[in-house]
2 protein chains.
Amino acid sequence: MNCANSVDYGDPDPFQWDTREDCQVRQILDRVADKWSLLVIALLDSRRLRFTELRREIDGISQRMLTVTLRQLERDGLVQRTVHPVVPPRVEYELTPLGGTLHTTIRSLVTWTEEHQNEIAAARAAYDEREARGV
Amino acid sequence: MNCANSVDYGDPDPFQWDTREDCQVRQILDRVADKWSLLVIALLDSRRLRFTELRREIDGISQRMLTVTLRQLERDGLVQRTVHPVVPPRVEYELTPLGGTLHTTIRSLVTWTEEHQNEIAAARAAYDEREARGV
DNA sequence: CTGGATCCGACATGATACTG
DNA sequence: CAGTATCATGTCGGATCCAG
């Protein structure tokens, strides 16, 4: 990880990654790999969605968490928020160009999960089975 | 999302994803996109690392969380745990073939973050600046 | 060295009520 | 409709101690 944020402690690991806590890359990873952020970004593909539409699409998200998540994504320049000065208010969210590049990556993560969910389920079952016999 | 886990409620969204809470894909996403899991998988690239080595590489992780994370990854069939019956104990962790496929995807997420960290930092600064003026 | 078990506090999140 | 504010809570995760 090329980490702009932390001083050089020396002793780089063989993969050139900075796994230190104050590393900016790690902080951003926590943000974009967040449970709700992931879903919002994956949903907003070239669509503009209203607040309520997003809320309806993402089952289980509370109003508060949707608000918080959208604010963070907006702050990070990944999502564009557009307020239409009408009544009742109409606010639309869409990916910025930067957000679009992240969308691709996150999509591949979702795709990986879709493609391998059965293997994972099988691995879990096998593990639990071994576990049960062991105990 | 092709979701093996939940019944069909009808009304699929235009992108064919299942964003319901009981969706298996969402549960797996939460797991693999977890803060610590991400780092462990990203670090274990064709290397076998011992528990203590991992702990040293991942700054800020507690013993407990490393143990918990590794157990989850092992259960999901992403990480192989090898115990050498020596004293003191020697336990090594490495990616399974399945874990290797995930490694690639996660690496691309890390790479994205590395490449765009400056844009994000700039976006944050701009947002905070606007915020400060607004208030 | 590699954990398991326990305790406990902090923070993230949910629920609810209210507002422009 | 799209939030904000407040309060309640429960989970995550750190610290610590112990064991094989």
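Letters go in sequence order (proteins before strands), and every chain restarts at 1. A quick note: this is a predicted structure, and the numbers were derived from the prediction, not measured.
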Does a side-chain N or O of A:Arg90 approach OP1 or OP2 of D:dA2 to a distance below 4.0 Å, or not?
no
Mapping A:Trp36 and B:Leu70 onto DNA chain C by nearest heavy atom, which one lands closer to the 5' end?
B:Leu70
Verify the contact: side-chain N or O of A:Arg55 to OP1 or OP2 of D:dC1, cut-off strictly under 4.0 Å; return yes or no.
no
Could you check how far CD1 of A:Ile61 sits from P of D:dA2, rounded to whole Å?
14 Å
Considering only heavy side-chain atoms of A:Arg81, the closest of C:dG4, D:dG3, D:dC1 is D:dG3
To the nearest angstrom, how far is A:Leu49 atom CG from D:dC1 atom C1'?
15 Å
So which nucleotide from D:dC1, C:dC1, C:dA17 ends up closest to the side chain of A:Gln63?
C:dA17
D:dA2, OP1 or OP2 - any side-chain N/O from A:Thr52 closer than 4.0 Å?
yes
In this structure, how many angstroms lie between the C1' atom of D:dC12 and the CG atom of A:Asp34, rounded?
14 Å
Go through the steps to decide whether B:Glu57 and B:Arg47 satisfy the test salt bridge (Lys or Arg N to Asp or Glu O under 4.0 Å), and finish with yes or no.
CA-CA 13 Å; B:Glu57 295 261 20; B:Arg47 299 194 282 177; 3.6 Å; yes
Judged by each residue's nearest nucleotide on DNA chain C, which is more toward the 5′ side, B:Phe51 or A:Gly60?
B:Phe51
Rounded to whole angstroms, how far apart are CD1 on B:Ile58 and C1' on D:dG13?
15 Å
Nearest-Å distance, CG (B:Asp30) to C1' (C:dA12)?
14 Å
Taken to the nearest whole Å, CG/A:Leu39 to P/C:dT13 is 13 Å
How many whole angstroms separate atom CE of A:Met65 from atom P of D:dG3?
15 Å
Closest non-hydrogen atoms of A:Ser37 and A:Arg31, given as atom of the first, atom of the second and distance, are OG-O, 3.3 Å
Kindly point out which of D:dG14, C:dT13, D:dA2 is positioned nearest to the side chain of A:Val91?
D:dA2
Let's go through B:Arg55 and B:Glu53 carefully: what are the C-alpha distance in whole Å and the side-chain angles of both, what is the deciding distance for salt bridge (Lys or Arg N to Asp or Glu O under 4.0 Å) to 0.1 Å, and is it a yes or a no?
CA-CA 5 Å; B:Arg55 188 169 182 194; B:Glu53 291 170 341; over 6 Å; no
Give a yes/no answer on whether the side chain of A:Tyr93 brings an N or O atom under 4.0 Å of OP1 or OP2 in D:dG3.
yes
Is a salt bridge present between A:Asp128 and B:Arg75, judged by a nitrogen-to-oxygen distance below 4.0 Å?
yes
N or O in side chain of A:Arg64 less than 4.0 angstrom from C:dA17 OP1/OP2
no
How far apart are the C-alpha atoms of A:Ile41 and A:Leu73, what are their side-chain angles, what is the distance that settles it, and do they pass the side-chain contact (heavy atoms from CB on, under 4.5 Å) test?
CA-CA 9 Å; A:Ile41 293 173; A:Leu73 294 177; 3.9 Å; yes
Protein-nucleotide distance (A:Leu66, atom CG; D:dG3, atom P), rounded to Å:
8 Å
